[in-house]
Asker: 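Just passing along the structure, written as structure tokens.
This structure is a prediction, so every number in the text was calculated from the model and none was measured. Computed over heavy atoms, backbone and side chain alike; hydrogens, waters and symmetry mates excluded.
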Number of protein chains: 2
Amino acid sequence: MTTDTFSSKYTGEKAANNANGVDKQQKSGKIREKSIEHILSAAQHEFVINGFKGTTIQAIADRAGLPKANIHYYFKNKDNLIHAVLENILDLWDEVLGDISVDDDPKEVLAHFIRTKVRMSFTHPGPSKLFAMEIIQGAQHLKDYARTYLRKWVREKAKVFELWIEQGKMSKVDPVHLIFLIWSSTQHYADFETQILTIMNRGEYEEEDVEHISEFLCTIIIRGCGIEYP
Amino acid sequence: MTTDTFSSKYTGEKAANNANGVDKQQKSGKIREKSIEHILSAAQHEFVINGFKGTTIQAIADRAGLPKANIHYYFKNKDNLIHAVLENILDLWDEVLGDISVDDDPKEVLAHFIRTKVRMSFTHPGPSKLFAMEIIQGAQHLKDYARTYLRKWVREKAKVFELWIEQGKMSKVDPVHLIFLIWSSTQHYADFETQILTIMNRGEYEEEDVEHISEFLCTIIIRGCGIEYP
DNA sequence: CGCGAGACTGACCAATTGGTCAGGCTGATG
DNA sequence: CATCAGCCTGACCAATTGGTCAGTCTCGCG
């Protein structure tokens, strides 16, 4: 897990010191790790439900089953905490959505991308939601590097799409907006989970929904790009 | 404007009394209306930026240029205030997205729907954002009737799509998810305004963007439905 | 066994919050 | 001009907030 990264980056000074003495107190180290994990998970939960300002440290502490001061012991303050949570999310996505190359088959790449993203929306709606809320509110807590990083990421992918278009592998559509389309239509199932479940008259998503929705989006979007599907 | 509806519904008792004496104090009435409008607009702004819990009455008051107690004078409490704001939004959408019938041409209807929705995202990103945040957070403040109303709305539209499919006017795609797709892909431009402007390296949306994006989405989605476009 | 480093936390604080209310102010009425 | 209904608000309150810190507790080491 990448949790270590965050603890060393966002954790208070005292806690950072401990990083040097891991071997000394291995058992404590384990508990420490578990605690940090619990806190990050609890924080994510609360931030999603109540927003940044609306979330109280006490609520996070309660959900994590720890005293409030403990949260401040691991994370200097609320800002550090949400930074850690958000970075956790970006790492997760980066890990899942691998690289693409001009030599790949557009149909395969698009389908894989859509499928993966849909599945993420179903299995990890929380991070998706929190990320969306951050962006909606003006990305106040996404550090600059995360923002510029996103731009780079989109440009990279768009470049590949452009080459495919030049090679006649797909019809002429705006690559940047194609990425937005895929992003939004898949993310929607995480962000609007509540509304969608209400409309579909369900209690929660089922495995078959993932299949069905993936297939639906693949059909429309890939065909929309002038590629035969399936 | 539908503002009156809200004032009578959500406003405190004292204020409601005034409804009887409008003729007596017409000038006051005008000021009253203006104030309510200012408050609703300010509230929407603040709720978007800081979320429900994160928004303080004081902040709304400051933005509206009124004393805090005045807000409580017009709206009994924070809950009433956000209810009023949200209803304002739903009304706006309902007004814009008219009815459709089986006899209409699918291509026309889809194109009109997409174009209108995109334009809304550009001209009224605030309401879109607030609505999205509400849903993400579990629609805590959207009253039941709003939720069930949405379901009814979607079912109605889906029914028409189904008939079109039966008549062979479009290919067999899931109508409900088609609505989700249109909704998400268009709303995305409001909700993720910040991110998108960063990626497109712009300060704000331009009129030509509306055209370009509408055209892009129409092409992909309508073609994706097996209808020739344009 | 006694020591000390470092992991932890109860109790506290200044600041801010949503909400209240007594009383000031205004403008139409007689 | 005096009156008064009722629109408005300054000043206040109890509750909650993020954050601090002086300690207490734990556990490996010598």
Side-chain angles (χ1 to χ4, degrees), chain A residues 7-8 10-36 38-39 42-43 46-47 50-83 141, chain B residues 7-8 10-36 38-39 42-43 46-47 50-83 141:
Chain A
S7 62
S8 61
Y10 296 110
T11 248
E13 296 154 23
K14 293 174 204 163
N17 291 340
N18 185 41
N20 308 325
V22 184
D23 38 0
K24 271 197 216 163
Q25 311 215 352
Q26 205 173 8
K27 196 173 157 197
S28 281
K30 290 287 174 204
I31 293 175
R32 177 189 193 76
E33 232 170 71
K34 266 261 189 303
S35 287
I36 289 183
H38 279 153
I39 294 172
E46 291 295 327
F47 282 137
N50 301 112
F52 177 72
K53 285 200 190 177
T55 296
T56 67
I57 307 274
Q58 188 62 60
I60 296 173
D62 289 347
R63 186 180 285 273
L66 294 167
K68 191 178 74 165
N70 193 301
I71 313 290
H72 279 101
Y73 174 69
Y74 284 119
F75 298 91
K76 210 190 183 79
N77 54 37
K78 217 175 162 185
D79 275 302
N80 275 21
L81 188 46
I82 197 172
H83 282 324
H141 303 100
Chain B
S7 62
S8 62
Y10 296 110
T11 250
E13 296 153 22
K14 292 174 202 162
N17 290 342
N18 185 41
N20 307 326
V22 185
D23 39 2
K24 273 198 216 164
Q25 311 214 351
Q26 203 170 10
K27 195 172 158 194
S28 281
K30 288 286 175 208
I31 293 175
R32 175 189 195 75
E33 229 171 75
K34 264 264 190 299
S35 287
I36 289 183
H38 279 153
I39 294 172
E46 291 294 326
F47 282 139
N50 300 113
F52 177 71
K53 286 201 189 175
T55 296
T56 67
I57 308 274
Q58 188 62 60
I60 295 173
D62 289 347
R63 186 181 285 273
L66 294 167
K68 192 180 75 165
N70 192 300
I71 313 291
H72 277 101
Y73 174 67
Y74 284 118
F75 299 90
K76 208 188 183 80
N77 54 35
K78 218 175 161 186
D79 275 302
N80 275 22
L81 188 45
I82 197 171
H83 283 323
H141 304 99

Asker: Name the closest nucleotide to the A/His72 side chain, picking from D/dG19, C/dT20, C/dG18.
Answerer: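 Minimum distance to the A/His72 side chain belongs to D/dG19.
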Asker: Name each donor-acceptor pair under 3.5 Å that joins a side chain in residues 60-69 of chain B to protein atoms two or more places apart or in another chain, with its distance.
Answerer:
residue, atom, partner, partner atom, Å
B/Asp62, OD1, B/Gln58, NE2, 3.1
B/Arg63, NE, B/Glu46, OE2, 2.9
B/Arg63, NH2, B/Glu46, OE2, 3.2

Asker: When you get a sec, tell me which of C/dC8, C/dG18, C/dC21 is the closest nucleotide to the side chain of A/Tyr74?
Answerer: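 The answer is C/dC8.
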Asker: DNA chain D: B/Ala69 or A/Gln58, which has the more 5' nearest nucleotide?
Answerer: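 It is B/Ala69, whose closest nucleotide lies nearer the 5' terminus.
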Asker: Could you tell me how far apart B/Ile57 (CD1) and D/dT16 (C1') are, to the nearest whole angstrom?
Answerer: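 Roughly 15 Å, once rounded to whole Å.
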Asker: Work out how much the helix from C/dC1-D/dG30 to C/dG30-D/dC1 bends between its end axes, five pairs an end, to the nearest 10 degrees.
Answerer: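 Inter-axis angle at the termini of the helix from C/dC1-D/dG30 to C/dG30-D/dC1: 20°.
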Asker: So A/Lys78 and A/Phe52, do their side chains get closer than 4.5 Å, heavy atoms only?
Answerer: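 A/Phe52 reaches A/Lys78 side chain to side chain.
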Asker: Take atom NZ of A/Lys78 and atom P of D/dT20, then tell me their distance rounded to the nearest Å.
Answerer: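 Interatomic distance, NZ of A/Lys78 to P of D/dT20: 14 Å.
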Asker: Hey, could you give me the CD1/NE2 distance between A/Ile71 and A/His38, rounded to the nearest 0.5 Å?
Answerer: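 Separation between the atoms: 11.5 Å.
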Asker: Please state how far atom NZ in B/Lys53 lies from atom C1' in C/dT16, giving the value in whole angstrom units.
Answerer: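 Distance, rounded to whole Å: 16 Å.
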Asker: Could you measure the distance from the CG atom of B/Asn70 to the CD1 atom of B/Ile36? Nearest 0.5 Å is fine.
Answerer: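 Result: 9.5 Å between the selected atoms.
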Asker: Starting at CG of B/Asn80 and ending at P of C/dG18, how long is that distance when rounded to a whole Å?
Answerer: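 Taking CG of B/Asn80 and P of C/dG18, I get 15 Å after rounding.
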Asker: Over how many whole Å does the gap from B/Ile71 atom CD1 to C/dG18 atom C1' extend?
Answerer: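 So the two atoms are 13 Å apart, to the nearest Å.
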Asker: Would you please confirm or rule out a distance under 4.0 Å between OP1 or OP2 of D/dC8 and any side-chain N or O of B/Asn70?
Answerer: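 So the side-chain polar atoms of B/Asn70 never come under 4.0 Å of the phosphate oxygens OP1 or OP2 of D/dC8.
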Asker: Taking side chain to side chain donor-acceptor pair (under 3.5 Å) as the definition, give me every residue that meets it alongside A/His141, ordered by chain and number, with sequence neighbours left out.
Answerer: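 Once residues adjacent in sequence are excluded, the partners of A/His141 under the side chain to side chain donor-acceptor pair (under 3.5 Å) criterion are A/Glu134.
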Asker: In whole angstrom, give the distance that lies between atom CG of B/Asn77 and atom C1' of C/dG18.
Answerer: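 Going from CG in B/Asn77 over to C1' in C/dG18 covers 9 Å.
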Asker: How many Å lie between CG on A/Asn50 and C1' on D/dT17, as a whole number?
Answerer: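 Rounding to the nearest Å, CG of A/Asn50 and C1' of D/dT17 are 14 Å apart.
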Asker: Hey, can you pull the residues of residues 60-68 of chain B with a non-hydrogen atom under 4.0 angstrom from DNA chain D?
Answerer: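 Within this stretch, B/Pro67 sit under 4.0 Å of the strand.
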Asker: Is the shortest side-chain N/O distance from A/Tyr73 to OP1 or OP2 of C/dA7 below 4.0 Å?
Answerer: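 For A/Tyr73, the contact criterion (side-chain N or O under 4.0 Å from OP1 or OP2 of C/dA7) is met.
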Asker: Just the rounded figure in Å: distance from P of D/dG18 to CD1 of A/Ile82.
Answerer: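 Nearest whole value for this atom pair: 13 Å.
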Asker: With side chains defined as the heavy atoms from C-beta onward, is the minimum distance between B/Ile39 and B/Leu81 less than 4.5 Å?
Answerer: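 They are in side-chain contact.
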